[in-house]
Amino acid sequence: MTPAISMAKKAKISHKVHEYTHDSSSESYGLEAAEKLGVPESRVFKTLVVSLENKELAVGIIPVSSMLSMKLLAKSAGAKKATIAPKSDVERSTGYVLGGVSPLGQKRRLKTIIDSSARNNATIYISAGRRGLEIELAPDDLASLVSGVFSEICQ
């Protein structure tokens, strides 16, 4: 049980947990999840933590097959500039290791922006808090749990 799964259970939202054997030589955790779970890449979302110009951290949630637009994310977060946050900041603020960062159950609640394409699916898959573990839930439930907003944040 991870903090992400505990959060979904406690909120009593409809969700499913999917586990697969993670291959440590995999170059993309998200693409590996899509392949091993047999779901389209457009339904598997990765969680990226960015640092805004005021040193505030924020989360961008995008399809694993897409690239994050720092400019669009910064604008959606009400900032002028965003860069990928250093690994140490990500792990300290979320409580998760890279490759297993979930937007749910983070140590500190961060401003969260979910790519609008999530709403094209009845459910999406996000990390459940460790490599090889995904949680499937409705995009609106995810937004509700993390106080997130939907915006176009992909390049």
Side-chain angles (χ1 to χ4, degrees), residues 1-20 22 28-52 54 56-79 82 84-85 89-91 93-155:
M1 184 82 65
T2 65
I5 296 170
S6 296
M7 184 180 193
K9 281 185 173 181
K10 187 176 178 186
K12 293 182 172 48
I13 59 136
S14 177
H15 68 281
K16 290 181 192 163
V17 176
H18 301 272
E19 193 164 5
Y20 62 91
H22 167 63
S28 168
Y29 301 119
L31 294 175
E32 176 193 25
E35 181 183 320
K36 290 197 172 172
L37 296 174
V39 295
E41 294 171 2
S42 60
R43 287 188 60 204
V44 180
F45 282 65
K46 57 187 169 184
T47 305
L48 301 172
V49 180
V50 299
S51 180
L52 305 174
N54 60 3
E56 177 187 1
L57 297 177
V59 173
I61 302 172
I62 64 169
V64 296
S65 56
S66 298
M67 292 286 291
L68 179 64
S69 166
M70 293 296 176
K71 192 174 194 174
L72 292 174
L73 181 88
K75 184 177 179 187
S76 297
I84 287 292
D89 291 354
V90 173
E91 293 180 349
S93 68
T94 67
Y96 294 115
V97 297
L98 287 187
V101 176
S102 177
L104 302 178
Q106 295 183 355
K107 277 197 212 169
R108 272 192 332 169
R109 180 164 286 186
L110 302 175
K111 188 178 291 188
T112 302
I113 296 97
I114 305 162
D115 188 67
S116 345
S117 67
R119 286 189 152 161
N120 297 337
N121 305 287
T123 61
I124 59 171
Y125 294 71
I126 57 168
S127 174
R130 75 175 153 80
R131 297 169 188 160
L133 197 62
E134 296 283 309
I135 187 167
E136 179 185 0
L137 72 171
D140 287 335
D141 286 339
L142 171 60
S144 173
L145 286 172
V146 298
S147 302
V149 296
F150 291 95
S151 185
E152 287 187 29
I153 57 173
C154 291
Q155 291 184 7

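Heavy-atom basis, side chains included; hydrogens, waters and symmetry copies ignored.
Atom CG of Leu48 and atom CD1 of Ile84 lie 5.0 Å apart (nearest 0.5 Å).
Remark: Lys107 pairs with no residue by the side-chain contact (heavy atoms from CB on, under 4.5 Å) rule, at least two apart or across chains. Taking the side-chain contact (heavy atoms from CB on, under 4.5 Å) definition, one finds that Ser117 meets it with Phe45, Pro63, Asp115, Asn120, sequence neighbours left out. Scanning for side-chain hydrogen bond (donor to acceptor under 3.5 Å, both in side chains) contacts around Ser14 gives an empty result, with sequence neighbours left out. Ile13 meets the side-chain contact (heavy atoms from CB on, under 4.5 Å) test with Ala8, Ala11, His15, Leu137, Asp141, Leu145; sequence neighbours excluded. For Glu91, there are no side-chain hydrogen bond (donor to acceptor under 3.5 Å, both in side chains) partners at least two apart in sequence or on another chain. Applying the side-chain contact (heavy atoms from CB on, under 4.5 Å) criterion to Ala143, with sequence neighbours excluded, gives Ile114, Phe150. A search for salt bridge (charged side-chain N to carboxylate O under 4.0 Å, His left out) contacts involving Asp140 returns Arg119, not counting sequence neighbours. For Thr123, the side-chain hydrogen bond (donor to acceptor under 3.5 Å, both in side chains) partners are Arg43, Glu136, not counting sequence neighbours.
Pairs of residues two or more places apart, or lying in two chains, that qualify as salt bridge (charged side-chain N to carboxylate O under 4.0 Å, His left out) and include a residue from residues 121-135 are Glu19-Arg130. For residues 119-145, the pairs satisfying ring pair (Phe, Tyr, Trp, His ring centres under 6.0 Å) are His18-Tyr125, with sequence neighbours left out.
Only one option out of Val50, Leu68, Leu72, Leu73 pairs with Ile113 in a side-chain contact (heavy atoms from CB on, under 4.5 Å); it is Leu73.
Closest approach of Ala82 to Leu52, counting heavy atoms only: CB-CD2, 3.8 Å. Across every non-hydrogen atom of Ile124 and Pro139, the tightest pair is CG2-CG, 4.1 Å.
When atom types are taken as modelled, the side chain of Ser116 and the backbone of Glu152 share a donor-acceptor pair closer than 3.5 angstrom.
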Which atom pairs, donor and acceptor, lie under 3.5 Å between side-chain atoms of residues 93-105 and protein residues at least two apart or in another chain?
unit_1	atom_1	unit_2	atom_2	d
Ser93	OG	Asp89	O	3.0
Ser93	OG	Val90	O	3.4
Thr94	OG1	Val90	O	2.7
Thr94	OG1	Tyr96	N	3.1
Tyr96	OH	Ala4	N	3.1
Tyr96	OH	Leu104	O	2.7
Ser102	OG	Leu104	N	3.1
Ser102	OG	Ser127	O	2.7

Please list every donor-acceptor pair under 3.5 Å in which a side-chain atom of residues 29-42 meets a protein atom from a residue at least two apart or in another chain.
unit_1	atom_1	unit_2	atom_2	d
Glu32	OE1	His22	ND1	2.7
Glu32	OE2	Asp23	N	2.6
Glu32	OE2	Lys36	NZ	3.2
Lys36	NZ	Thr21	O	2.5

Q: Please test Leu142 against Ile61 for side chain to side chain contact (heavy atoms under 4.5 Å, CB included), starting from the C-alpha separation and ending with a verdict.
A: CA-CA 10 Å; Leu142 171 60; Ile61 302 172; 4.1 Å; yes

